[in-house]
Peer 1: 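Below is a structure I'd like to ask you about.
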Amino acid sequence: MKISEVEPCIWEIPPTEKPGMRVPARILATKELIDTMDEGVFNQVTNVACLPGIVKYALCMPDGHWGYGFPIGGVAAFDLKEGVISPGGIGFDINCGMRLLRTNLVLEEVEPVLEKLIDTLFYLVPAGVGCKGFLKLNKKEFAEAVKEGAPWAIRKGYGWPEDVQYIEQGGSLPEANPEKVSEKALGRGMEQLGTLGSGNHYLEVQVVKEENVFDWETAQKFGIEFPNQIVVMIHCGSRGFGHQVATDYLRVFEKAMPKYGITVIDRELGCAPFGSPEGQDYHQAMLCAANAAFANRQVIIHRIREAFEKVLGKSAEELGMHTVYDVAHNIAKIEEYEINGKPKKLLVHRKGATRSFGPGDADICPAYREVGQPVIVGGSMETGSYLLAGTKRAHELTFGSTLHGSGRTMSRTAAKKKVQGRALQEDMRRRGILVKTVSYAGLAEEAGMAYKDIATVVEAVHQIGISRKVARLKPIGNIKG
Amino acid sequence: MGRYEFIPGVAIADLAFEVEAETLEELFTLSARALFEAMVELKDVRPVEEVKISLSAEKLDNLLFDYLAELVYQKDLEARVFSEFEVSISENGNFKLEGKAKGEKIDPAKQELKTDVKAITYHLFKLEKRDKGYYARVVLDT
């Protein structure tokens with residue numbers, strides 16, 4: 001496939017390379033990253049470029065890898081009239097995302113109680129296959145929760161009113177309509193609020209080392225104020241509820257496509273015109289799942305505050321456990337961009353990509369508006385994670401998007417053959433990272449060696465300018481499903 | 001005798017398996033076993049509870065997709081994992097499946113759990129009739 005570097009670190013595949021491509025495909029990466037990207041990325045990003053109503057480019061971020069339908073790291077914007085909505089451009093785990101909490105604790109205060117803290121967190125935040133939460137809701141109550149999102153959880157006493165200011169779009173997407181969600185989806189998800197799930201989802205206690213802060217001024221705006229400060233990060237999504245919504249609509253779209261004369265190269269790219277009844281129904285159902293994920297992360301951080309209170313013997317308020325930010329990295333949202341010199345509303349799909357709005361954007365809470373939104377990038381449990389800030393350049397280049405993580409390079413099956421879960425746990429303990437897991441096989445699959453080097457992918461987005469480095473966060477304790 | 005195998009390198013972030021079977025029924029039950037083997041050590045799951053499954057689909061491959069998706073749904077609904085499966089498949093315009101799945105409640109103290117499966121995907125999804133039976137390839141979102 002013909003690919004050329006049109007600007008430093010921006011690689012373009014012209015529409016002449018595949019029949020049906022409506023726009024060029026663009027991959028953002030350094031030379032080193034593009035050379036090692038799997039073939040699936042090139043194939044999938046050019047498939048996305050074939051979808052009706054796509055605007056400007058089909059994009060892939062530097063952490064991109066082979067997914068299903070869209071590549072992971074895929075971003076595409078669609079015209080609201082001519083374009084489509086596709087579950088394959090959002091992922092099964094709708095609004096999988098990250099939340100970062102800060103504390104006023106330093107490493108020296110937490111180290112002596114770390115084991116007890118991790119045990120308490122492990123008990124209070126259920127993880128693993130089919131896990132259920134402490135909230136026992138019926139379908140009607142759960143439907144209320146998914147209509148409202150994070151504010152529902154706060155109203156029920158799980159969190160602080162200030163939290164919503166620090167969640168992408170206030171943790172509540174108003175067009176969510178539970179009537180568009182199946183009984184099955186409600187039944188599957190109603191007892192899972194407050195749970196992590198499994199796979200690459202985790203809860204992590206991290207430390208901010210002085211040498212890992214790249215921009216103290218911005219860090220301080222985000223509440224990262226002193227060396228050795230302790231923060232807590234979670235990575236999880238909408239659990240079985242979102243997975244069921246995606247599964248249900250994949251089948252709906254498969255049946256609907258012939259009616260709209262749409263054919264797709266890959267069945268995972270099943271879609272419907274955004275304005276069609278099927279497209280609108282999925283949009284409203286998908287937003288319910290997005291709200292469910294915001295509510296899930298809200299309930300989880302409430303439990304994290306409880307765990308710290310129990311172990312440290314102080315209130316969460318005294319411990320300064322404020323939300324830094326909460327970002328979605330599997331979602332589609334209506335946002336406005338300048339197209340041919342005119343502002344235009346578009347449906348931006350982000351699958352394994354994070355919103356990265358820059359300074360001055362009205363969608364960012366006042367506390368951060370001057371510096372750009374926080375972007376939370378989850379790394380592997382061995383190598384650490386990053387806190388970045390959004391930029392105006394992302395608005396121009398990538399429909400306000402950036403990377404979401406480090407990106408896998410090795411399959412789960414291959415990782416399990418190379419690494420043993422218990423040995424890895426012991427090895428990480430020696431390196432100062434305490435890991436507690438429901439599944440040792442699952443732990444082995446998440447070994448750092450199965451991922452790209454996060455520093456390299458973060459360096460790429462920093463160089464390209466679609467977000468900028470603020471701090472690297474080093475894990476000291478991790479809980480995995 | 002049929003077989004199933006997890007295949008590396010097909011879906012980097014996820015899990016993929018392929019199945020070969022002499023009959024359609026065997027193809028479906030082996031696929032179900034592979035699905036649960038991704039999540040739990042099957043020998044740890046006692047077949048003490050039973051759910052009935054009844055489905056129909058317009059095409060055979062959709063029937064397999066819906067069958068596996070139904071099992072994933074059942075896993076979350078009552079937090080159960082399954083280790084024994086029975087199905088019968090008939091065709092009368094549509095394809096129809098009647099089946100049972102046997103298993104028990106998830107209990108990390110008694111079962112070695114692995115990775116949760118979020119969904120069945122259409123990525124490289126395949127069901128085909130071959131000379132000596134049937135073949136299927138399934139990628140699981142994990």
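Residue numbering restarts at 1 for every chain, and letters A, B, ... go by the order of the sequence lines.
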Peer 1: Chain A heavy atoms under 4.5 Å from B/Ile106: which part of the residue, side chain, backbone, both or neither?
Peer 2: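 The side chain, not the backbone.
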
Peer 1: Among B/Thr115, B/Asp116, B/Leu77, B/Leu113, single out the residue with the greatest number of heavy-atom pairs under 4.5 Å to chain A.
Peer 2: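 Of the candidates given, the most pairs with chain A belong to B/Asp116.
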
Peer 1: Output, in order, the C-alpha distance, side-chain angles, deciding distance and verdict of salt bridge (charged side-chain N to carboxylate O under 4.0 Å, His left out) for A/Arg412 and A/Glu446.
Peer 2: CA-CA 8 Å; A/Arg412 295 182 178 282; A/Glu446 293 300 317; 2.9 Å; yes

Peer 1: Answer with side chain, backbone, both or neither: which region of B/Val40 has an atom nearer than 4.5 Å to a non-hydrogen atom of chain A?
Peer 2: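 Neither part; nothing is under 4.5 Å.
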
Peer 1: So which residue, A/Glu254, A/Glu445, A/Arg239, ends up with the most heavy-atom pairs under 4.5 Å with chain B?
Peer 2: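 Heavy-atom pair counts peak at A/Glu254.
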
Peer 1: Considering only heavy atoms, which portion of A/Lys184 lies under 4.5 Å from any heavy atom of chain B: side chain, backbone, both, or neither?
Peer 2: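 Both backbone and side chain.
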
Peer 1: Might you work through the side-chain hydrogen bond (donor to acceptor under 3.5 Å, both in side chains) test for B/Ser88 and B/Glu25, ending with a clear yes or no?
Peer 2: CA-CA 6 Å; B/Ser88 65; B/Glu25 282 75 10; over 6 Å; no

Peer 1: Side chain, backbone, both or neither: which part of B/Asp107 has an atom under 4.5 Å from a heavy atom of chain A?
Peer 2: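 B/Asp107 has no heavy atom closer than 4.5 Å to chain A.
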
Peer 1: Of the listed residues (A/Leu443, A/Thr437, A/Asn200, A/Asp93), which shares the most heavy-atom pairs with chain B below a 4.5 Å separation?
Peer 2: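 Ranked by heavy-atom pairs under 4.5 Å with chain B, first place is A/Asp93.
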
Peer 1: Between A/Asp63 and A/His404, is any side-chain donor less than 3.5 angstrom from a side-chain acceptor?
Peer 2: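 Yes, a side-chain donor-acceptor pair sits under 3.5 Å.
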
Peer 1: Charged N to carboxylate O below 4.0 Å: is that the case for B/Lys96 and B/Glu91?
Peer 2: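 Salt bridge flag = no for B/Glu91 with B/Lys96.
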
Peer 1: At a heavy-atom distance under 4.5 Å, which candidate from A/Gly242, A/Gly481, A/Ser439 has the highest pair count against chain B?
Peer 2: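 It is A/Ser439.
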
Peer 1: Between the main-chain N or O of A/Gly67 and the side-chain N or O of A/Gln44, is there a donor-acceptor pair closer than 3.5 Å?
Peer 2: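 At least one qualifying donor-acceptor pair exists.
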
Peer 1: Would you kindly check if the NZ (Lys) or CZ (Arg) of A/Lys480 is within the cone defined by 45 degrees around the ring axis of A/Tyr202 and under 6.0 Å from the six-membered ring centre?
Peer 2: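 Ring-cation test returns no.
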
Peer 1: With a 4.0 Å cut-off, would you call A/Arg251 and B/Glu58 a salt bridge?
Peer 2: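 Looking at A/Arg251 and B/Glu58, the cut-off is met.
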
Peer 1: Name the region of A/Glu191, side chain, backbone, both or neither, that has any atom closer than 4.5 Å to a heavy atom of chain B.
Peer 2: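 Neither part.
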
Peer 1: Among A/Asp266, A/Val129, A/Asp38, A/Thr413, which residue has the highest count of heavy-atom pairs closer than 4.5 Å to chain B?
Peer 2: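 If we count pairs closer than 4.5 Å to chain B, A/Val129 comes out on top.
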
